[in-house]
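Here's the structure we're looking at; comments come further down.
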Amino acid sequence: MIQTDAAINNGNSGGPLVNSLGQVIGINTLVVRSTNSGNVAEGLGFAIPSNLVHDIVSQLVSTGRVEHPYIGISFEAVDPQVASALNLGATQGAVVMTVEPASPAARAGLQQNDVITAINGQAVDQDHQLVGVLFTHKPGETVTLSVVRNGKQSEIKLTLAVHPTSQLQSDNSSG
């Protein structure tokens with residue numbers, strides 16, 4: 001998501017987010033209206049990046065559905081505080097919190113507390129979060145995960161699956 005301070009009023013979702021050159025860089029999706037304490041949070045909106053919208057539209061046009069890649073983990077973004085608290089041996093990446101049974105991650109041998117630092121050489125860090133890097137790949141593709149386990153770097157090959165929620169949506173849409 002792109003965070004923006006552009007005004008997004010009720011009914012403006014789906015409108016373009018443009019940069020100073022007039023180029024569409026995203027589709028406005030969400031605006032934060034208030035905080036938990038009831039304070040209005042004016043000027044805080046989010047947009048789907050245009051390159052992601054392009055990929056989704058291409059899938060919809062060619063197949064009639066969208067399939068997201070899936071590895072089968074829950075994770076937490078690693079920052080220096082998380083790294084220190086969990087004694088991870090890596091200061092950036094995504095730490096695996098759980099591995100779903102029979103998932104691509106389980107078949108590949110990922111374990112709790114592994115830190116994914118890259119996918120196919122693309123760093124996983126604060127600027128390139130795991131989901132964003134993952135979404136540059138397609139279900140069925142085999143990727144190489146760079147992983148830190150117990151302070152040691154290794155590489156794990158994993159074949160991406162279709163995210164189960166994608167399958168549910170396509171099953172529901174077909175009747």
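Along the sequence shown, the residues carry numbers beginning at 1.
With values rounded to the nearest 0.5 angstrom, Leu86 atom CG is found 9.5 Å from Gln112 atom CD. One distance of note links CG of Leu30 with OG1 of Thr4; it measures 11.5 Å at 0.5 Å rounding. Annotation: the span from Gln129 atom CD to Asp127 atom CG amounts to 9.0 Å, rounded to 0.5 Å. In this structure, Arg149 CZ and Leu110 CG are separated by 7.0 Å, a value rounded to the nearest 0.5 Å. Atoms OG and CD1, from Ser50 and Ile2 in turn, are 6.5 Å apart once rounded to the nearest 0.5 Å.
Note: the hydrophobic cluster containing Ile71 does not contain Val95 (ILVMFWY, side chain heavy atoms under 4.5 Å, direct or indirect links). Both Met97 and Val148 sit in one connected hydrophobic cluster of ILVMFWY residues. Membership requires side-chain heavy atoms under 4.5 Å apart, directly or through other members. Note on Tyr70 and Ile116: separate hydrophobic clusters, where clusters join Ile, Leu, Val, Met, Phe, Trp and Tyr whose side-chain heavy atoms are under 4.5 Å apart, directly or indirectly. Taken together through direct or relayed side-chain contacts under 4.5 Å among Ile, Leu, Val, Met, Phe, Trp and Tyr, Leu134 and Val99 form part of one hydrophobic cluster. Put simply, Val131 and Val66 are part of the same group of oily side chains (I, L, V, M, F, W, Y) that touch within less than 4.5 Å, one to the next.
Side-chain atoms of Asn28 come within 3.5 Å of backbone N or O of Pro16 as a donor-acceptor pair. Using modelled atom types, one side-chain atom of Thr117 and one backbone atom of Ser146 make a donor-acceptor pair closer than 3.5 Å. A donor-acceptor pair is defined here as one N or O able to donate and one able to accept, closer than 3.5 Å; such a pair exists between the side chain of Arg107 and the backbone of Ala102.
Listed here is the closest heavy atom pair of Ala123 and Asp125: CB-OD2, 3.7 Å. In this structure, Gly121 and Ala118 approach most closely via the heavy-atom pair C-CB, 4.1 Å. Gln92 approaches Val115 most closely through the heavy-atom pair O-CG1, 3.8 Å. Ala106 approaches Glu100 most closely through the heavy-atom pair CB-O, 3.5 Å.
Remark: Asn113 CG is packed, more than 12 non-hydrogen atoms of other residues, nucleotides or ligands lying under 6.0 Å away. Taking a 6.0 Å sphere around CD of Gln126, one finds it holds 12 or fewer heavy atoms contributed by other residues, nucleotides or ligands.
A donor-acceptor contact closer than 3.5 angstrom is absent between the side chains of His54 and Asn51.
Applying the ring-ring contact (aromatic ring centres under 6.0 Å, His included) test to pairs two or more places apart or on separate chains, none has a residue in residues 94-123.
Between His68 and Phe135, the angle of the ring planes stays under 30°, which puts this pair in the parallel group of the 30/60° scheme.
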| task | Apply the test side-chain contact (heavy atoms from CB on, under 4.5 Å) to residues Leu52 and Ile27: give CA-CA distance (whole Å), side-chain angles for both, the deciding distance (0.1 Å), then the verdict. | result | CA-CA 10 Å; Leu52 181 57; Ile27 303 297; over 6 Å; no
Run the side-chain donor-acceptor check on residues 152-162: report pairs under 3.5 Å with partners two or more places apart or on a different chain.
unit_1 : atom_1 : unit_2 : atom_2 : d
Lys157 : NZ     : Thr144 : OG1    : 2.9
Thr159 : OG1    : Thr142 : OG1    : 2.9

Under 3.5 Å, sequence neighbours excluded: what are the donor-acceptor pairs made by side chains of residues 72-85?
unit_1 : atom_1 : unit_2 : atom_2 : d
Ser74  : OG     : Thr98  : N      : 3.2
Ser74  : OG     : Thr98  : OG1    : 2.5
Asp79  : OD1    : Gln81  : N      : 3.1
Asp79  : OD1    : Val82  : N      : 2.8

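Looking at Leu130 and Ile119, their side chains come closer than 4.5 Å, going by heavy atoms from C-beta outward.
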